[in-house]
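To start, the structure under review is shown below, and the notes come after it.
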Amino acid sequence: MVGRTFIEVRVSHDRTVRNNASRAEVANRLSGRTVQDVRRHGKFLIIGLDSGYTMVAHLGMSGRFSIAQPSQTKSAHTHFVAVLDNNTEIRFIDPRTFGFIAAYDEDEVSSSGLARLGPDAWTEPLDVDDLAASLRGRVAPIKALLLDQGPMAGLGNIYADEVLHLAHVHPLTAGGDLNHHQVGALLEAVRVVLGAAIDAGGTTLDDLAYLLPDGQAGESLEGLRVYGREDQPCRTCGTAIQRIVVRSRSTHFCPSCQPHV
DNA sequence: ACCTCCCTGGCC
DNA sequence: GGCCAGGGAGGT
């Protein structure tokens, strides 16, 4: 991608570019620009362009990118197409439209969600003291704080539940109530859970909403410890997995392995 | 720091 | 026919 130029950009859904003023603003800011670097921070994809504009993309719930030849028929829900100078297309497909693509100037980057992200959970792992410091005094449940992207960025609902189970931490524990040992266990669990998820190519649920760029499904659904396993036996101790709702997000845990303090 | 909203395919 | 899933943004 680095060095490629966007020959033409077509936006076909308003909501996909809702963080910009208009479809045309996005197309105009990206067209003719050359990619300088491609990064990821949490769940945001960040593409630096030679113009100073930054393309920011988020897959939301159901977004995916595909690389295609211009002659290939478009999948349903293709909301954005960038034609590259090697005559391939980058297509953004997103049925539920929770994802977005933005073209930001410097000020807009600083006032966007990107600026509120904590260190990346995978590439900038915190040490125990730093995470403990950012949780100190927080009364919100640790599940909510993991989803918040502030203490650390990158965990969504599935992996937050998986991490808490592996760390033996109850999802409703107030962030500031975690002891030093639990904070350490949480960080180790992040490393293990994300490492396994990356190796497996991510988690494709039964709805097949998430697919790898080549259209293949990820593999780790069977490996999940608690997510989506309400009433099924905990793989560690056999106790029935419970499902509760935290901040209107479905939350799964083992009441035996993750006792409430 | 909390709540509400957005959206559509899949399922009951 | 109606409900559910859930990421982030914006408002209170």
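Keep in mind that this is a model prediction, so the values were computed, not measured. Numbers restart at 1 for each chain; the letters A, B, ... are given by sequence-line order, proteins then strands.
- Grouped with A:V226 in one hydrophobic cluster are A:I241, the linkage being side-chain heavy-atom contacts under 4.5 Å among Ile, Leu, Val, Met, Phe, Trp and Tyr residues.
- If you take CG of A:D94 and P of B:dC6, they are 17 Å apart, rounded to a whole angstrom.
- For the helix from B:dA1-C:dT12 to B:dC12-C:dG1, the angle separating the two terminal helix axes comes to 40°, with each axis derived from five pairs and the value rounded to 10°.
- Screening residues 45-60 of chain A for side chain to side chain donor-acceptor pair (under 3.5 Å) gives no qualifying pairs among residues at least two apart or on separate chains.
- Listed by chain and number, the residues in a side chain to side chain contact (heavy atoms under 4.5 Å, CB included) with A:N86 are A:R4, A:L84, A:T88 (sequence neighbours excluded).
- In the hydrophobic clustering (ILVMFWY side chains linked at under 4.5 Å, chained through shared members), A:V246 is joined by A:L172, A:I244, A:F253.
- Within the structure, every side-chain polar atom (N or O) of A:H77 is placed at least 4.0 Å from both OP1 and OP2 of B:dC7.
- Within the 4.5 Å cutoff, the side chain of A:F80 has no heavy atoms near those of the A:I93 side chain.
- Nucleotide B:dC5 holds its C1' atom 11 Å from the CZ atom of A:R249, rounded to whole Å.
- Scanning for side chain to side chain contact (heavy atoms under 4.5 Å, CB included) contacts around A:R91 gives A:S66, A:A68, A:Q72, A:K74, A:T78, A:V81, A:E89, with sequence neighbours left out.
- The NE2-C1' distance, from A:H79 to B:dC6, rounds to 13 Å in whole Å.
- When DNA chain C is scanned in the 5' to 3' direction for atoms under 4.0 Å from non-hydrogen atoms of chain A, the outermost contacting nucleotides are C:dA5 to C:dA9.
- Nearer the 5' end of DNA chain B, as judged by each residue's closest nucleotide, is the contact made by A:G137, out of A:G137 and A:S248.
- One atom, CE of A:M61, and another, C1' of B:dG10, lie 12 Å apart when rounded to the nearest Å.
- Looking at heavy-atom distances under 4.0 Å, A:R18 makes no contact with the nucleic acid at all.
- Listed by first and then second residue, the salt bridge (charged side-chain N to carboxylate O under 4.0 Å, His left out) pairs that reach into residues 161-183 of chain A are A:K143-A:D161, sequence neighbours excluded.
- Remark: side-chain polar atoms of A:R229 are paired, donor with acceptor, to backbone N or O of A:R225 under 3.5 angstrom.
- When hydrophobic side chains of Ile, Leu, Val, Met, Phe, Trp and Tyr are connected at separations under 4.5 Å, A:F44 ends up clustered with A:I46, A:V56, A:F100, A:Y104, A:V109, A:L114, A:L117.
- Near DNA chain B, meaning a heavy atom under 4.0 Å away, there are no residues from residues 111-126 of chain A.
- Within the structure, every pair that satisfies the salt bridge (charged side-chain N to carboxylate O under 4.0 Å, His left out) test and touches residues 19-41 of chain A, not counting sequence neighbours, is listed here: A:D14-A:R23, A:E25-A:R29, A:R29-A:E108, A:D37-A:R39, A:R40-A:D120.
- Annotation: side chain to side chain donor-acceptor pair (under 3.5 Å) contacts involving residues 126-140 of chain A, sequence neighbours excluded, comprise A:D129-A:H180.
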